[in-house]
Amino acid sequence: MKFANLQSTRQTLGERAYESIRDAIISLQFEPGQMIYENELAASLGVSRTPIREAFRMLLSEELIEILPQKGAKVTLISETKVEETRFVRESLETAAFQIVARKWANDQEPYISSGKLVDLLIEQQKDAAQNNDAVSFLQLDESFHRHILELSGNQTLLTVVNHMRGHLNRLRFLTLRQLNNMHDLTDQHRRIWAAVRANDEQLTGELLRVHLSRLPGEMASLKGQFDTYFS
């Protein structure tokens with residue numbers, strides 16, 4: 001596949017290589033079980049093999065790749081166990097964080113005024129992505145929606161933990177977006193969650209978010225037969 005050249009970016013080359021390769025894994029451009037090689041990635045990204053090795057270390061820590069001695073790296077299969085474990089942790093942490101934001105929300109104060117406008121825009125952009133059946137853009141907007149509300153909780157440790165573990169979930173989430181065409185339903189769920197947050201309704205926020213985040217096991221079951229080689 002083709003990558004943008006990384007030489008002109010401000011982040012370290014290893015960080016940029018990590019993001020590029022990770023995005024390709026999440027969006028299934030690199031499929032579960034596929035071999036990827038340092039020299040090919042280095043050539044595609046316009047860097048030496050050193051940043052690729054740094055990127056591989058980060059991807060290995062997320063269990064998105066495994067290293068096969070003398071062969072290269074292989075994109076890990078989507079683990080049903082790992083998906084359910086991380087989904088459970090994410091649901092627990094995000095529900096608590098979203099409820100904190102609902103408790104603190106003040107429509108007439110900053111940073112909530114600016115945040116309200118931004119999240120409203122994200123939801124409208126999700127609607128557009130759904131209409132265009134653009135799963136890549138929708139997943140990015142979905143991530144931005146959740147991340148922005150999490151940031152308002154003020155808990156940076158929670159944000160770091162949730163972001164780090166989303167890789168396993170996001171491959172499955174991308175597959176469901178692409179195959180099940182459920183983007184309109186997800187946008188409606190986001191609207192209802194967002195309305196509950198802005199209404200300071202902690203209980204409803206938690207209930208709606210739990211429903212929103214608990215759908216993956218059923219979706220995974222419906223996709224396994226079609227993509228059985230993707231799963232372990």
Side-chain angles (χ1 to χ4, degrees), residues 22 26 62-64 78-107 109-127 129-130 135 138-177 180 182-223:
R22 188 179 190 274
I26 297 302
E62 288 188 71
E63 299 179 42
L64 290 175
I78 300 173
S79 165
E80 294 183 66
T81 300
K82 192 75 173 177
V83 166
E84 178 52 28
E85 288 175 352
T86 52
R87 187 209 61 79
F88 175 81
V89 174
R90 181 192 178 196
E91 179 184 319
S92 302
L93 294 176
E94 281 206 20
T95 299
F98 271 55
Q99 288 180 311
I100 289 171
V101 177
R103 185 187 317 144
K104 299 192 305 181
W105 188 269
N107 283 303
Q109 298 177 18
E110 290 289 358
Y112 302 106
I113 296 173
S114 299
S115 295
K117 293 177 181 177
L118 175 58
V119 177
D120 285 341
L121 177 61
L122 289 171
I123 291 174
E124 286 305 307
Q125 290 172 334
Q126 288 169 21
K127 179 181 175 182
F138 190 93
L139 182 58
Q140 293 170 346
L141 292 164
D142 181 288
E143 287 286 281
S144 295
F145 171 85
H146 285 269
R147 182 175 61 251
H148 191 70
I149 298 176
L150 286 174
E151 287 172 348
L152 289 169
S153 73
N155 191 325
Q156 290 301 311
T157 300
L158 181 148
L159 186 63
T160 299
V161 170
V162 171
N163 284 340
H164 183 75
M165 70 185 188
R166 276 182 173 168
H168 288 275
L169 291 175
N170 282 356
R171 286 195 292 172
L172 179 60
R173 290 170 65 205
F174 180 81
L175 188 60
T176 64
L177 293 174
L180 302 182
N182 58 358
M183 288 177 272
H184 290 288
D185 289 341
L186 295 175
T187 302
D188 288 340
Q189 290 177 15
H190 284 166
R191 288 187 190 279
R192 291 195 293 272
I193 293 166
W194 181 226
V197 169
R198 299 185 76 165
N200 300 114
D201 193 330
E202 293 180 54
Q203 180 176 348
L204 182 59
T205 295
E207 290 172 356
L208 291 173
L209 187 61
R210 278 188 287 269
V211 170
H212 178 65
L213 297 178
S214 65
R215 70 192 185 280
L216 274 177
E219 293 173 342
M220 179 164 57
S222 70
L223 290 168

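Owing to the predicted nature of the structure, the values given are computational and were not obtained by experimental measurement. The first residue of the sequence shown is numbered 1, and numbering continues consecutively from there.
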Search all heavy atoms of [X] against all heavy atoms of [Y] and return the closest pair with its distance.
X: His146; Y: Leu213; answer: CE1-CD2, 4.2 Å
X: Gly167; Y: Ile26; answer: O-CD1, 3.3 Å
X: Phe138; Y: Ala130; answer: CD1-N, 4.3 Å
X: Leu150; Y: Ala97; answer: CD2-CB, 3.5 Å
X: Ser114; Y: Glu110; answer: OG-OE1, 2.9 Å
X: Ser115; Y: Trp105; answer: CB-CH2, 4.2 Å

Thinking salt bridges, do [X] and [Y] make one under a 4.0 Å N-O criterion?
X: Arg198; Y: Asp120; answer: yes
X: Arg147; Y: Glu143; answer: no
X: Arg191; Y: Glu124; answer: yes

* Asked: Of Leu204, Leu209, Ile123, which is the lone residue that meets side-chain contact (heavy atoms from CB on, under 4.5 Å) with Ile193?
  ->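 Testing each of Leu204, Leu209, Ile123 against Ile193, the sole residue satisfying side-chain contact (heavy atoms from CB on, under 4.5 Å) is Leu209.
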* Asked: Is the number of heavy atoms from other residues, nucleotides or ligands within 6.0 Å of CD (Gln203) greater than 12?
  ->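 Incorrect, the count does not exceed 12.
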Which value, rounded to the nearest 0.5 Å, describes the distance between [X] atom [atom1] and [Y] atom [atom2]?
X: Phe98; Y: Leu152; atom1: CZ; atom2: CG; result: 9.5 Å
X: Leu93; Y: Leu158; atom1: CG; atom2: CG; result: 5.0 Å
X: Asn182; Y: Glu219; atom1: CG; atom2: CD; result: 5.0 Å
X: Arg166; Y: Leu139; atom1: CZ; atom2: CG; result: 9.5 Å
X: Leu159; Y: Ile149; atom1: CG; atom2: CD1; result: 12.0 Å
X: Met183; Y: Asp188; atom1: CE; atom2: CG; result: 13.0 Å

* Apply the test side-chain contact (heavy atoms from CB on, under 4.5 Å) to residues Leu169 and Val83: give CA-CA distance (whole Å), side-chain angles for both, the deciding distance (0.1 Å), then the verdict. => CA-CA 6 Å; Leu169 291 175; Val83 166; 3.9 Å; yes
* With sequence neighbours left out, write down each residue that passes side-chain hydrogen bond (donor to acceptor under 3.5 Å, both in side chains) with Glu91, or none if nothing qualifies. =>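 If we apply the side-chain hydrogen bond (donor to acceptor under 3.5 Å, both in side chains) test to Glu91, skipping adjacent residues, the hits are Arg87.
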* Using modelled atom types only, decide if a donor and an acceptor are shared between the side chain of Glu202 and the backbone of Ala102 within a distance under 3.5 Å. =>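 No.
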* Is Thr95 reaching over with its side chain to a backbone N or O of Ser92, donor-acceptor style, under 3.5 angstrom? ->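 Side chain of Thr95 to backbone of Ser92, a donor-acceptor pair under 3.5 Å: no, none is there.
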* Going by atom types only, do Thr81 and Glu85 share a side-chain donor-acceptor pair under 3.5 Å? ->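 Short answer, no.
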* Asked: Which of parallel (below 30°), tilted (30 to 60°) and perpendicular (above 60°) describes His190 and Phe145?
  ->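 The rings of His190 and Phe145 lie parallel, inter-plane angle below 30°.
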Min side-chain heavy-atom separation [X]-[Y] under 4.5 Å:
X: Glu94; Y: His212; answer: no
X: Leu64; Y: Arg22; answer: yes
X: Thr205; Y: Val101; answer: no

* Asked: Can you name the salt bridge (charged side-chain N to carboxylate O under 4.0 Å, His left out) partners of Glu63, sequence neighbours left out?
  ->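 Result, salt bridge (charged side-chain N to carboxylate O under 4.0 Å, His left out) vs Glu63: Lys82.
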